Each structure stands twice: as C-alpha cells, then as structure tokens.
Chemist: 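Before I ask anything, here is the structure I am working with.
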Amino acid sequence: MTRFVRKTLIAAALTTAFVAGNAMAIDASLKTEKDKISYMVGADVGRGLSQIKDELDLKLVLQALQDEFNGGKTLMTQEEGQTVRQEFMQKLQAKRVADEKVAADKNKAEGTAYLAKNKAKAGVKTTASGLQYEVIKQGTGPMPKATDTVKVDYTGTKVDGTKFDSSIDRGQPATFPLNGVIKGWTEGLQLMPVGSEYRLVIPAELAYGENAPPQIGPNATLIFDVKLISIETAAAAPAPAAPEKK
C-alpha cells in the first residue's frame with residue numbers, strides 16, 4: 001500500500017468517524033463490504049494513535065480532516081503544520097531517549113545485584129567473561145564448537161521472572177548456528193555436552209546490551225534454561241527462533 005493510499009484511507013476513516021460522531025445514533029452493524037473495510041481501517045488508525053492519544057484532541061483531529069476534505073480554509077498552513085510536526089517528533093524522541101535511559105539504568109542495577117547474589121549460589125560457576133552457568137543435568141555427548149549448528153530447547157526469562165521467549169511454549173526446538181547468536185549463548189553452549197541441561201545467566205554485555213528487543217529492554221541480564229538436544233550436520237537449515245545477535 002502506497003503512503004498516499006494509506007493516508008487517504010486513514011483520512012476517510014476518521015472523517016467517517018466524525019460524521020458518525022455527530023449523529024444522534026450510530027448503526028453499529030457492518031452490513032456491507034464498505035462498512036467492514038471502513039471499520040477495519042478505523043480500528044487500525046485507533047491502534048496507531050493509541051500511543052500518543054494523550055497528546056491529541058480528537059475533535060480537532062477530525063475537524064482538520066473535515067476541513068481538508070471540504071477544501072475550505074484550515075486553521076494551520078502546511079508550513080505551520082510542518083513546524084509543529086518537527087517539534088512534536090523531537091519531543092517524542094527526547095521522551096523515548098529519557099525513558100530508555102531510566103529503563104537501562106534500572107535493568108543494569110537489577111542485573112548487577114542478581115549476578116552478585118547468584119554467583120554465591122552453590123553449583124554456580126562464573127567464566128572469565130562474566131557468564132554464569134549452573135549444571136542441571138550433565139550429558140554424555142560431544143560438545144559443540146562455535147562453528148557448529150545446534151538444536152536446543154530453551155526458556156528465557158528476565159531477572160524479575162518475566163518470561164520473554166520459549167521454544168518449549170512454541171512446541172518446536174530451535175536450530176541455529178552457534179556463532180550467529182548472542183555471545184553468552186555462543187560461549188555457554190560450548191561448555192555443554194549433548195544431552196545436558198544448563199541454566200545460563202548472561203550479563204547484558206554478553207546479551208543484547210542497550211539494543212535489546214522491546215520485550216527485553218536495554219541492559220537486561222538474561223536467564224536461559226537450555227537443553228542441548230543435538231549437534232546438527234552442516235546441511236541442516238538454521239531456524240530463526242534462537243536469540244539473534246544485534
């Protein structure tokens with residue numbers, strides 16, 4: 001869908017909402033294809049605007065759309081609108097950076113505290129890089145090299161216990177090249193004989209650092225319960241389910 005078409009659909013949906021909003025009663029049924037398309041587009045617009053809804057006066061949004069559709073006089077020129085747009089984007093960007101800084105500092109502090117406490121736990125070993133691991137079950141098979149492709153089952157959680165990923169929940173093990181994932185995985189799985197189950201506690205600098213996916217957050221220390229199922233042959237096709245390097 002082109003940007004022009006998308007803007008047109010959005011405008012049409014909001015203008016329809018404006019007209020309907022002025023009616024005494026709204027017919028909530030979706031009888032025709034046009035009705036369904038209109039409602040679908042309106043729902044998409046609503047979801048798209050939900051993150052900035054506190055910044056908007058919906059009546060003015062709808063008024064501006066109606067003014068543009070009618071070709072009449074608008075309360076703001078295009079030049080004035082561009083200035084407001086740039087200032088608003090700068091405001092949102094500044095807020096995003098500030099929020100990420102707060103989250104990064106919080107995650108870093110919580111991770112540091114967790115690593116210090118976990119390090120003292122019986123059975124936990126710490127490598128020179130700072131990776132911590134605990135043997136839950138020791139396998140008897142070969143250990144993979146960084147250049148190998150492996151098949152694993154895993155569950156990933158944050159230090160507060162929040163689960164963010166699990167091949168077990170998906171019902172399918174993950175297969176991936178060991179040198180194509182985060183550093184903590186590349187190092188940790190090379191310590192595991194096939195058939196082993198380890199708990200890996202991975203500091204942020206060996207995980208995603210400041211560039212983590214939204215469901216993880218910046219500077220997060222991560223915990224993975226991993227079972228190394230097998231070392232695959234070179235011909236095996238890697239699956240994208242494992243945590244990827246950023």
Side-chain angles (χ1 to χ4, degrees), residues 1-100 102-103 155-158 160-174 208 211-218 220 237-244 246:
M1 182 183 293
T2 67
R3 183 177 298 180
F4 174 77
V5 172
R6 182 172 178 79
K7 285 184 176 179
T8 302
L9 287 172
I10 290 173
L14 289 175
T15 302
T16 300
F18 176 79
V19 173
N22 282 332
M24 292 302 295
I26 299 177
D27 182 0
S29 62
L30 304 175
K31 298 177 181 178
T32 67
E33 182 182 13
K34 183 177 181 179
D35 293 341
K36 295 174 183 178
I37 292 173
S38 298
Y39 193 86
M40 175 273 295
V41 172
D44 284 349
V45 172
R47 283 189 291 269
L49 295 177
S50 62
Q51 292 185 347
I52 59 170
K53 63 182 181 180
D54 293 338
E55 303 284 345
L56 301 177
D57 184 326
L58 186 56
K59 291 181 180 179
L60 285 174
V61 173
L62 298 173
Q63 179 183 338
L65 285 167
Q66 188 179 50
D67 289 345
E68 290 289 347
F69 264 56
N70 292 338
K73 182 179 180 181
T74 61
L75 301 179
M76 185 183 295
T77 66
Q78 290 188 8
E79 291 77 13
E80 290 170 336
Q82 181 63 22
T83 299
V84 172
R85 181 181 297 106
Q86 291 175 350
E87 292 175 349
F88 182 52
M89 294 305 295
Q90 290 171 359
K91 175 183 176 181
L92 291 180
Q93 175 67 8
K95 183 179 185 301
R96 184 186 67 81
V97 170
D99 289 346
E100 287 185 354
V102 171
T155 296
T157 58
K158 304 198 312 187
D160 64 0
T162 302
K163 184 194 301 184
F164 60 84
D165 194 12
S166 174
S167 66
I168 297 172
D169 290 350
R170 289 192 295 272
Q172 182 176 4
Y208 296 101
N211 300 312
Q215 69 270 26
I216 292 176
E244 298 177 356
K246 293 291 180 178

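It should be emphasised that the depicted structure is a prediction, and the values quoted were computed from it without experimental measurement.
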Chemist: Tabulate below the donor-acceptor pairs under 3.5 Å that side-chain atoms of residues 86-99 make, not counting sequence neighbours, or state none.
Modeler:
residue, atom, partner, partner atom, Å
K91, NZ, E55, OE1, 3.0
Q93, OE1, R96, NE, 3.2
Q93, OE1, R96, NH2, 3.3
K95, NZ, D99, OD2, 2.9
R96, NH1, E100, OE1, 3.2
R96, NH1, E100, OE2, 2.7

Chemist: Just to verify, what does E80 make a side-chain hydrogen bond (donor to acceptor under 3.5 Å, both in side chains) with, not counting sequence neighbours?
Modeler: T77
Chemist: Please report the interatomic distance OG1(T157) to CD1(I216), rounded to the nearest 0.5 Å.
Modeler: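 The OG1 atom of T157 sits 10.5 Å away from the CD1 atom of I216.
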Chemist: Do K34 and S38 make a side-chain contact, defined as non-hydrogen atoms from C-beta onward lying under 4.5 Å apart?
Modeler: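 Result yes, sub-4.5 Å side-chain heavy-atom pair found.
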Chemist: With sequence neighbours left out, what residues match T74 under side-chain hydrogen bond (donor to acceptor under 3.5 Å, both in side chains)?
Modeler: none
Chemist: Which residues pass the side-chain hydrogen bond (donor to acceptor under 3.5 Å, both in side chains) test with D67, not counting sequence neighbours?
Modeler: none
Chemist: Between S29 and K31 (side chain of the first, backbone of the second, donor and acceptor by atom type, cut-off under 3.5 Å), is there such a pair?
Modeler: no
Chemist: I'd like to check the salt bridge (charged side-chain N to carboxylate O under 4.0 Å, His left out) partners of K73; sequence neighbours left out, ordered by chain and number.
Modeler: none
Chemist: Nearest 0.5 Å, please: how far is OG1 in T162 from CD in Q215?
Modeler: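 Q215 atom CD to T162 atom OG1 measures 11.5 Å (nearest 0.5 Å).
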Chemist: In Å and rounded to the nearest 0.5 Å, what is the CD to CE distance from E33 to M40?
Modeler: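 One finds 9.5 Å between CD of E33 and CE of M40.
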Chemist: Show the nearest heavy-atom pair for residues G217 and A212, with the distance to one decimal.
Modeler: O-CB, 3.0 Å
Chemist: Indicate whether any N or O donor in one side chain lies under 3.5 Å from an N or O acceptor in the other, for T32 and D35.
Modeler: yes
Chemist: Applying side chain to side chain contact (heavy atoms under 4.5 Å, CB included), name anything that partners D57, two or more places apart in sequence or on another chain.
Modeler: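 D57 satisfies side chain to side chain contact (heavy atoms under 4.5 Å, CB included) with K59, L60 once adjacent residues are dropped.
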Chemist: Salt bridge (charged side-chain N to carboxylate O under 4.0 Å, His left out) with K36: which residues, sequence neighbours excluded?
Modeler: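 None.
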Chemist: Apply salt bridge (charged side-chain N to carboxylate O under 4.0 Å, His left out) to D169 and list each qualifying residue two or more places apart in sequence or on a separate chain.
Modeler: K163
Chemist: Mind checking side-chain hydrogen bond (donor to acceptor under 3.5 Å, both in side chains) for S50 and listing every partner two or more places apart, or none if nothing turns up?
Modeler: none
